Amino acid sequence: MNRAQSEALFAEALKFIPGGVNSPVRAFRAVGGHPFFVNRAARAHIWDVDGNEYVDYVGTWGPAILGHAHPKIIAAVKAAADHGTSFGIPNPFEVTMAKLICALVPSVEKVRMCNSGTEACMSAIRLARGFTKRDKIVKFDGCYHGHADSLLVKAGSGALTFGNPDSAGVPADFARHTLVVPFNDPDALRSVFAANAGQIAGVIIEPVPGNAGLYLPRPGFLEFMRKITQANGALLIFDEVMTGFRLAAGGAQERFGIRPDLTCFGKIIGGGLPVGAFGGRADIMDYLAPVGPVYQAGTLSGNPLALAAGLAALEELRSGEAYRKLEGLGAALEAGLVDAAKSAGVPVQFNRCGSMFCGYFTAGPVHNLADAMQSDRERFKRYFHGMLDASVYLAPSQFEAGFISTAHTATDIAKTLSVAAKVLKTL
Ligand code: KE4
């Protein structure tokens, strides 16, 4: 596949941007080779600057749940842009968005908009500490909550991909307040609460972790977390930046019937524009400035273009048809890939939750980070490039999730399965 113009752009990018990318996971470091450059996207397809077309299963890491350049999102952004791009003064979209998030996610009584998932998680942690007057936070190894200092401890996503789950530059003094336990391990959670009685402000979790590939909570694990946090006066924080409005209209918490104290959002609620949000119990949210003592702010928070795009996306998703379609497409992809791997004699553990999925090159089940680390990454590399050269773009790391959109067609799925059947045989 000719990617000469991408190569030229990458050579130029390397001169002016660290690693040639504005976010590390894009650099293809985990799979080898160089990233391609995209200048157009529509529905479930992307085109690179050399004119190559790909079926896209990254979906800009989650926001493109309706596919790319959805007409209603484009129209909403264009209409909003005609009236200005930012005011720094309250605008009506902020009220509409806040009301809609509260309507779709019952645990959210009040919500604050910000500009990224990182900001949302960082602010939720600060709020939990301010509300409980405690310092310690519990997170799970392999879960990624953005790149705020206190959360870059045994983190997933790019941090895990590059083998430095504990980033340089985070003072030990910060990291020591972050306690890390394995996902799906109630005993470890019980021990950490026993050893830190009265000191834990909150537990933050991706209810369905999508930053070490994808694995699911074992039955009862999330319920156990709800109980043990309640019993210890700690807050339960669901990081639904990825799962929010994707796994159900009310996110993973609707799917699993859990009511967290705080929830973090991002991605889908910006329709592809920069966005984040965090919300939850009103008594906790009212600890935020200007009402309460916990400071949090943002020049572009509640930006009219991002909210116009996000509102168009959420209104489209509310129809309910979207989730049935996503489940159907996900089930078809799963069944086909499992069959293809079996016929090729390649051990693959395929995990899926709705329209999020990951195929691990390992025979064993994958329920946590340790299991995920068993995957044969050399095989994944060959699989990734085999699929890419056949015009199917998967996440460029074994430790990322794949995303299906409502714009994926049966033809896209059939093509993906036919390509996978061939590529798996070459591994
Ligand atoms: P952002 O700051 O990238 O908007 O969101 C951080 C974040 C927080 N919580 C969860 C569950 C997330 O998945 C993310 C970001 N996800 C990664 C993909 N695994 C973003 C891709 C990237 O870093 O370029």
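Whatever order the structure lists ligands and atoms in, that order sets their numbers, starting from 1. Predicted, not measured: the structure shown is a model, and the values here were computed from it.
Counting non-hydrogen atoms of other residues, nucleotides and ligands closer than 6.0 Å to OH of Y295 gives a total of 12 or fewer. At most 12 heavy atoms of other shown residues, nucleotides or ligands fall within 6.0 angstrom of atom CZ in F174.
Protein residues with a heavy atom under 4.0 Å from ligand 1 are S23, V25, W61, S116, G117, T118, Y144, H145, G146, S157, E206, N211, D239, V241, M242, K267, E400.
Using a 4.0 Å cut-off between a side-chain N of Lys or Arg and a carboxylate O of Asp or Glu, D261 and R226 qualify as a salt bridge. Using a cutoff of 4.0 Å between basic side-chain nitrogens and carboxylate oxygens, E53 and R40 are not scored as salt-bridged. For K415 and D412, the salt-bridge test fails: no basic side-chain N is under 4.0 Å from an acidic carboxylate O.
Applying the side-chain contact (heavy atoms from CB on, under 4.5 Å) criterion to L288, with sequence neighbours excluded, gives R112, L127, F278, M285, V294, Q296.
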